[in-house]
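All residue numbers refer to positions in the sequence shown, counting from 1.
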Amino acid sequence: MTETRPHRDTSPPGTDSEERPTLLAFLNYLREAVITKAQGLADQQARTPGVPSGTSLLGLVKHLAAAERHWFVRAFEGADIAPVELGMELTDEDCAEELIAAYREAVARSNAIVEACDDLSRPCARAAGTAGAVRSLRWVLVHMIEETARHAGHADILREQADGAVGR
């Protein structure tokens, strides 16, 4: 099923209280923007690359779910999980419903990790990223806002190419 009507734009969060709730509110706002862009399309439309590099809406969702696990679970929390594959390549078994559910599960775990930490300056349990530096939870939150925002912009364009839908 293809949804051709524009999505209603939503405003950024109005919160401007303490640091943790403000950062999480903006990150959650961007996460939902990506999910909204990936919903309402036939799986084939959501899997179809919109650019020569092969990026698709479902590929973005898969990548962002992996980034959540990489930064919050593996790097910050230090969970004993294998290194996370951050690619956007889809398998034949990947479908919108399951990828979006996996993203929501990753987001819920990430949010629980953030809520359980009493100090955003606390360093990650293990080094991560290309520089191999140990970062703080504050850095991880800001990085994930940047990462998710960048891909939310990509999702805006891919969705408009798929069915003309614009807005968040």
Side-chain angles (χ1 to χ4, degrees), residues 10 12-39 43 46-47 49 51 53-156 158 168:
T10 56
T15 185
D16 189 18
S17 58
E18 296 179 25
E19 185 177 24
R20 178 192 333 265
T22 300
L23 292 172
L24 274 179
F26 274 86
L27 183 52
N28 285 329
Y29 166 74
L30 293 165
R31 290 162 166 162
E32 277 304 311
V34 170
I35 289 169
T36 297
K37 288 298 180 174
Q39 291 176 322
D43 265 17
R47 323 173 49 86
V51 293
S53 66
T55 303
S56 68
L57 280 165
L58 290 184
L60 289 172
V61 172
K62 186 174 188 173
H63 167 74
L64 287 170
E68 295 277 342
R69 288 189 300 276
H70 172 75
W71 283 107
F72 291 105
V73 179
R74 188 172 198 287
F76 181 75
E77 187 179 54
D80 189 21
I81 63 171
V84 177
E85 172 56 50
L86 294 169
M88 296 187 195
E89 297 80 24
L90 299 171
T91 67
D92 290 341
E93 293 78 34
D94 287 331
C95 71
E97 185 177 323
E98 290 176 10
L99 289 173
I100 291 169
Y103 185 35
R104 286 192 187 280
E105 288 171 22
V107 163
R109 183 162 182 194
S110 297
N111 283 350
I113 290 167
V114 172
E115 292 294 343
C117 182
D118 61 355
D119 181 5
L120 297 183
S121 297
R122 183 173 147 204
C124 290
R126 69 166 45 100
T130 55
V134 174
R135 306 293 185 177
S136 69
L137 180 56
R138 178 180 294 104
W139 186 94
V140 170
L141 279 164
V142 172
H143 170 64
M144 287 303 296
I145 290 168
E146 170 271 325
E147 177 84 0
T148 308
R150 188 163 48 97
H151 292 313
H154 298 148
D156 284 341
L158 292 170
R168 290 183 188 87

Residue set satisfying side-chain contact (heavy atoms from CB on, under 4.5 Å) with Leu30, at least two apart, ordered chain then number -> Ile145, Thr148, Ala149

In this structure, CG of Leu27 is separated from OG of Ser110 (nearest 0.5 Å) by 8.0 Å

By side-chain hydrogen bond (donor to acceptor under 3.5 Å, both in side chains), Arg122 pairs with (sequence neighbours left out) none

Tightest non-hydrogen contact, residues Phe76 and Cys117, listed as CZ-SG, 3.8 Å

For Ala38 and Val61, the nearest pair of non-hydrogen atoms, with its separation, is CB-CG2, 3.8 Å

Item to complete: Check for a donor-acceptor pair, side chain of Thr22 on one end and backbone N or O of Glu18 on the other, with a separation under 3.5 Å.
Response: yes

Residue set satisfying side-chain hydrogen bond (donor to acceptor under 3.5 Å, both in side chains) with Ser56, at least two apart, ordered chain then number -> none

| query | Can a salt bridge be assigned to the pair Lys62 and Glu89 using a cut-off of 4.0 Å between side-chain N and carboxylate O? | reply | no

Within the side chain of Asn28, is there an N or O that forms a donor-acceptor pair under 3.5 Å with the backbone of Ala25? no

key: Ionic contact status for Glu77 with Arg126, cut-off 4.0 Å   = no

In this structure, CD of Gln39 is separated from CD1 of Ile100 (nearest 0.5 Å) by 4.5 Å

In this structure, CZ of Arg135 is separated from CG of Leu141 (nearest 0.5 Å) by 14.0 Å

task = State whether the side chain of Arg74 and the backbone N or O of Ile81 hold a donor-acceptor pair below 3.5 Å, judged by distance alone.
result = yes

Tightest non-hydrogen contact, residues Leu58 and Asp43, listed as CD1-O, 4.2 Å

Checklist line | Short side-chain to backbone donor-acceptor contact, Arg20 and Val114, under 3.5 Å | finding: yes

Of all heavy-atom pairs linking Val140 and Cys124, the shortest is CG2-SG, 3.7 Å

Tell me whether Arg31 contacts the main-chain N or O of Phe26 through its side chain, where contact means a donor paired with an acceptor under 3.5 Å.
no

Those residues at least two apart in sequence (or on a different chain) that pass side-chain hydrogen bond (donor to acceptor under 3.5 Å, both in side chains) with Glu97 are none

Exercise for the section: Any chance you could lay out the salt bridge (Lys or Arg N to Asp or Glu O under 4.0 Å) test for Glu105 and Arg69, step after step, and finish with the verdict? Expected result: CA-CA 10 Å; Glu105 288 171 22; Arg69 288 189 300 276; over 6 Å; no

Sorted by chain and residue number, the side-chain hydrogen bond (donor to acceptor under 3.5 Å, both in side chains) partners of Glu147 (sequence neighbours excluded) come out as His63, Arg150, His151

In terms of heavy-atom contacts, Leu60 and Ala155 come closest through CD1-N, 3.7 Å

Answer whether the closest heavy-atom distance between the side chains of Leu99 and Leu90 falls below 4.5 Å.
yes

Are more than 12 heavy atoms from other residues, nucleotides or ligands located less than 6.0 Å from atom CD of Glu98? no

| query | Are any of the side-chain heavy atoms of Met144 and Glu68 separated by less than 4.5 Å? | reply | yes

The reported gap from NE2 in His143 to CG in Leu137 (rounded to nearest 0.5 angstrom) is 13.0 Å

Rounded to the nearest 0.5 angstrom, the CG-OH distance for Leu64 and Tyr103 is 4.5 Å

Q. Thinking salt bridges, do Lys37 and Asp156 make one under a 4.0 Å N-O criterion?
A. yes

Applying salt bridge (charged side-chain N to carboxylate O under 4.0 Å, His left out) to Glu93 and not counting sequence neighbours gives none

